[in-house]
Amino acid sequence: LTFSRREELHQRPVYVDALVADLAKLLRRLIGEHIELSLTAGPSVSPVLADRGQIEQVVLNLCVNARDAMPEGGRVEIETSVVDLDEAFCESSPMLAPGAHVMLRVSDNGPGIPEDIKERVFEPFFTTKAVGEGTGLGLATAYAVAERHRGAIFCESEPGEGATFRLYL
């Protein structure tokens, strides 16, 4: 429903750092004991007008993808902070306007994403998982949630260097 934009947004002021802290226990169970989870909240993270459930879904999707990329174990880092985006950066996404934004960063130290795959990660139904192991909607949903909240999500990765996803709200 989120991806198809048929789900109604229930926007309220949300502190993303508190949202992540509230999810910590669930995230630790979800990613397993073989993956270390690190949470870092920047100082003075401002509230954003958001649908809490949808932002939670983005965090869960990003963590599940990180877990799946590291079956032998690894590390997932989640950071929240306030960043000031300039005009040059905002040209990369029509939804972003210059100024202060809350950034949610989810990084892993897995195998990374090859360039040809990185270009497609937000495509609906695109997956590198075996048949029956994934729908290809996790990152597409994260992208749709970012857009519906007038934000953006970006993927940075190099093979062998892990992956980093940054959500700006």
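Residue numbers run from 1 in the order of the sequence given.
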Distance-only, no hydrogens or angles: does the [X] side chain make a donor-acceptor pair with backbone N or O of [Y] under 3.5 Å?
{"X": "Arg105", "Y": "Phe165", "value": "no"}
{"X": "Asp108", "Y": "Ala163", "value": "yes"}
{"X": "Asp17", "Y": "Ala41", "value": "no"}

* Could you walk me through whether Arg67 and Val76 pass the side-chain contact (heavy atoms from CB on, under 4.5 Å) test, one step at a time? => CA-CA 8 Å; Arg67 175 201 67 196; Val76 172; over 6 Å; no

Separation between [atom1] of [X] and [atom2] of [Y], rounded to the nearest 0.5 Å:
{"X": "Leu39", "Y": "Glu79", "atom1": "CG", "atom2": "CD", "value": "11.0 Å"}
{"X": "Ile153", "Y": "Thr141", "atom1": "CD1", "atom2": "OG1", "value": "10.5 Å"}
{"X": "Leu30", "Y": "Cys63", "atom1": "CG", "atom2": "SG", "value": "7.5 Å"}
{"X": "Leu62", "Y": "Leu139", "atom1": "CG", "atom2": "CG", "value": "6.5 Å"}
{"X": "Met70", "Y": "Ile31", "atom1": "CE", "atom2": "CD1", "value": "7.0 Å"}
{"X": "Glu119", "Y": "Cys155", "atom1": "CD", "atom2": "SG", "value": "11.0 Å"}

Minimal non-hydrogen separation, [X] against [Y], with atom names:
{"X": "Pro111", "Y": "Ala69", "value": "CD-O, 3.1 Å"}
{"X": "Ser93", "Y": "Gly151", "value": "OG-O, 4.4 Å"}
{"X": "Arg52", "Y": "Ala18", "value": "NH2-O, 4.5 Å"}
{"X": "Cys90", "Y": "Pro98", "value": "SG-N, 3.4 Å"}
{"X": "Pro159", "Y": "Pro114", "value": "CG-CA, 3.9 Å"}

* **Remaining members of hydrophobic cluster (4.5 Å side-chain criterion), Met95** =>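 None, because no other hydrophobic side chain comes under 4.5 Å of this residue.
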
* To do: May I ask you to list the residues sharing a hydrophobic cluster with Tyr168, side-chain cutoff 4.5 Å, ordered by chain and number?
  =>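 Result for Tyr168 is Val83, Leu85, Phe89, Leu96, Met103, Phe154.
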
* ring pair (Phe, Tyr, Trp, His ring centres under 6.0 Å) contacts touching residues 91-115 (sequence neighbours left out) ->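 Passing the test, one end in residues 91-115: no pairs.
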
* Please collect all ring pair (Phe, Tyr, Trp, His ring centres under 6.0 Å) contacts where either partner lies in residues 31-52, sequence neighbours excluded, each pair once. =>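 Found none.
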
* To do: Sorted by first residue and then second, give each side chain to side chain donor-acceptor pair (under 3.5 Å) pair with at least one member in residues 150-165; sequence neighbours left out.
  =>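 Non-adjacent pairs meeting side chain to side chain donor-acceptor pair (under 3.5 Å): Ser107-Thr164, Glu156-Arg166.
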
Hey, are the side chains of [X] and [Y] touching, using non-hydrogen atoms and a 4.5 Å cut-off?
{"X": "Leu19", "Y": "Leu23", "result": "yes"}
{"X": "His149", "Y": "Leu9", "result": "yes"}
{"X": "Leu26", "Y": "Leu60", "result": "yes"}
{"X": "Leu104", "Y": "Leu169", "result": "no"}

* Please say which of Val64, Val59, Ile35 ends up in a side-chain contact (heavy atoms from CB on, under 4.5 Å) with Leu27. =>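 When side-chain contact (heavy atoms from CB on, under 4.5 Å) is applied between Leu27 and each of Val64, Val59, Ile35, only Val59 qualifies.
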
* Partner set under ring-ring contact (aromatic ring centres under 6.0 Å, His included) for Tyr15, not counting sequence neighbours ->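 Applying ring-ring contact (aromatic ring centres under 6.0 Å, His included) to Tyr15 gives none.
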
* Asked: Is Val14 linked to Leu49 within one hydrophobic cluster, defined over Ile, Leu, Val, Met, Phe, Trp and Tyr using a side-chain heavy-atom separation of less than 4.5 Å?
  ->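 No, separate clusters.
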
